[in-house]
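Worksheet: the structure to be examined is printed underneath.
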Amino acid sequence: MIRTVESEPHASAPVLAAYSYCETVTGQQARNFAYGIRLLPTPKRRAMSALYAFSRRVDDIGDGALASEVKTARLQDTRAMLSRVRDGAVAEDDTDPVAVALAHAAATFPIPLSGLDELIDGVLMDVGGETYETWDDLKVYCRCVAGAIGRLSLGVFGTEPGARGAERAPEYADTLGLALQLTNILRDVREDAEGGRTYLPADDLAKFGCSAGFKGPKPPEGSDFAGLVHFEVRRARALFAEGYRLLPMLDRRSGACVAAMAGIYRRLLDRIERDPEAVLRGRVSLPGREKAYVAVRGLSGLDARHVTRRTVRRRA
């Protein structure tokens, strides 16, 4: 069983200012993520914003226009900051608010900080121009950049005392991260192609005649682009189904947070499935009212109860 720390260590003015900075970054740059963490109590929401702000810094380095050797150096600098956090060497008056907030969060919750090392490893794959021949290859990358975030988040959420099967919670959190990342990859397929990146496995692209890539609003001539998208959607749905088994293991508000974030991405997947070529025309997104509905559904516990009933039926 994974337990969170129930009482938050005293937060000084510098620490509160650092958290405020991280929450601002989260609110401005991660609307889907921010929608979910609003449902958390303050200590958990702050810790999640610290994790996001660190992750955003790493992603921004990888996505920037700097030369690859400069990106690599900056990522190693970020890893050195993480080492200072891990060693308890970040003072509350440190000039880096992300380091201050992350250090406080790590002192408050049993966050597996090695997951942030994995994130850096994944972004280094991007910097190196890594491509993926098979789904098994792509899973390694997805586990670094998204599965690790699921496991880090679980360190903040914890599991409910006596939750059945809680020893598998990190596995389910990891799988849910894979589902979110595969949805991201489908949504951003044209944007990534314009940036010179291809994430979908080469053998999947070849199977559906899409090896030429996606650099315009139309699929490659003669390809079965819809077939490719529907194939990847089915893969993502299977990952969601497995990852959702985490929900009954969480307390109500943590479960609502996960259900809201995952629910938004599941609905994105629905839209992509209905109109596969939409991802080539522009960015697929949900309106605010639909995100609000997903959040309310998460708070109601509908998703967690559905998963629980389905699991009980399987055991019967």
Side-chain angles (χ1 to χ4, degrees), residues 18 21-22 24-26 28-30 33 48-91 94-103 105-106 111-153 155 174 177-178 180-202 205 213-215:
Y21 171 84
C22 293
T24 298
V25 170
T26 303
Q28 290 178 346
Q29 300 190 40
F33 186 83
M48 290 296 288
S49 71
L51 287 173
Y52 177 81
F54 181 93
S55 302
R56 181 74 266 164
R57 178 179 295 181
V58 173
D59 286 343
D60 284 347
I61 294 170
D63 292 339
L66 298 170
S68 59
E69 60 270 20
V70 178
K71 290 182 179 182
T72 299
R74 292 197 177 184
L75 288 168
Q76 297 303 351
D77 288 344
T78 307
R79 199 189 296 275
M81 181 268 269
L82 179 60
S83 294
R84 290 199 299 122
V85 171
R86 186 182 290 112
D87 295 341
V90 177
D94 193 282
T95 56
D96 186 341
V98 176
V100 173
L102 186 59
I111 298 172
L113 292 175
S114 60
L116 293 175
D117 280 303
E118 292 181 57
L119 173 63
I120 294 171
D121 292 339
V123 174
L124 283 169
M125 293 181 197
D126 283 335
V127 172
E130 191 86 17
T131 56
Y132 307 98
E133 290 296 317
T134 67
W135 168 237
D136 284 341
D137 295 334
L138 180 59
K139 275 196 295 188
V140 174
Y141 170 77
C142 291
R143 285 210 160 95
C144 285
V145 299
I149 301 301
R151 286 176 268 119
L152 286 156
S153 300
D174 183 274
L178 265 63
L180 299 179
Q181 186 63 22
L182 183 53
T183 304
N184 264 335
I185 287 170
L186 285 173
R187 181 192 63 185
D188 297 339
V189 66
R190 180 180 172 184
E191 181 181 332
D192 289 333
E194 290 174 344
R197 294 177 181 171
T198 302
Y199 290 101
L200 290 174
L205 296 174
F214 316 104
K215 295 186 178 179

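Only heavy atoms go into these numbers, but all of them, side chains included; no hydrogens, no water, no symmetry mates. When a residue number appears, it is its place in the shown sequence, counting from 1.
Salt-bridge annotation for D60 and R57: absent, with no side-chain N of the basic residue lying under 4.0 Å from a carboxylate O of the acidic one. Using a cutoff of 4.0 Å between basic side-chain nitrogens and carboxylate oxygens, D94 and R84 are scored as salt-bridged. A salt bridge links R197 to D63: one of the charged nitrogens lies within less than 4.0 Å of a carboxylate oxygen.
In plain terms, the two heavy atoms of V25 and R56 that are nearest each other are CG1-CG, 4.2 Å. Scanning all heavy atoms of the two residues, the minimum distance from A18 to A101 falls at CB-N, 3.9 Å. Here the closest heavy-atom approach between residue V85 and residue A103 is recorded as CG1-CA, 3.8 Å. Here the shortest heavy-atom pairing between S68 and V127 reads O-CG1, 3.6 Å. The heavy-atom pair separating Q181 from C142 by the smallest distance is CG-SG, 3.7 Å. Taking every heavy atom of both residues into account, L66 and V70 meet most closely at CD1-CG1, 3.9 Å.
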Given V145 and M125, is the side chain to side chain contact (heavy atoms under 4.5 Å, CB included) satisfied, shown in steps? CA-CA 10 Å; V145 299; M125 293 181 197; over 6 Å; no

### Message
Pair S114, D117 - check side chain to side chain donor-acceptor pair (under 3.5 Å), show working.
### Response
CA-CA 5 Å; S114 60; D117 280 303; over 6 Å; no

* To do: Kindly determine whether F214 and E194 satisfy side chain to side chain contact (heavy atoms under 4.5 Å, CB included), including the steps that lead there.
  => CA-CA 8 Å; F214 316 104; E194 290 174 344; over 6 Å; no

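Distance OG/S55 to CE/M48: 9.0 Å, rounded to 0.5 Å. Between the NZ atom of K139 and the SG atom of C144 there is a distance of 13.5 Å, given to the nearest 0.5 Å. To the nearest 0.5 Å, atoms CG (L51) and CD1 (I149) are separated by 7.0 Å. Remark: L200 CG to D192 CG distance equals 9.0 Å, nearest 0.5 Å.
Residues T78 and I61 are in side-chain contact: their nearest non-hydrogen atoms beyond the backbone lie under 4.5 Å apart. Side-chain atoms of I120 and L124, non-hydrogen and from C-beta on, do get closer than 4.5 Å to each other. L113 places a side-chain heavy atom less than 4.5 Å from the side chain of L116. Using a 4.5 Å heavy-atom threshold, the side chains of L205 and P201 count as separate. Proximity of M81 to V98: side-chain heavy atoms (C-beta onward) are separated by under 4.5 Å at one or more points. For the pair L102/L82, a side-chain contact is recorded, criterion being any heavy-atom separation below 4.5 Å from C-beta on. Between L138 and I185, the closest side-chain pair of non-hydrogen atoms falls below 4.5 Å. Contact check for V100 versus Y21: no side-chain heavy atoms found under the 4.5 Å cut-off.
Ring planes of Y132 and Y199: parallel class, angle under 30° (limits at 30 and 60°).
No more than 12 heavy atoms of other residues, nucleotides or ligands sit less than 6.0 Å from atom CZ of R74.
Distance alone, capped at 3.5 Å, places no donor-acceptor pair between the K215 side chain and the A193 backbone.
Each of R79, R143, R151 was checked for a salt bridge (Lys or Arg N to Asp or Glu O under 4.0 Å) with E118, and the lone residue meeting it is R151.
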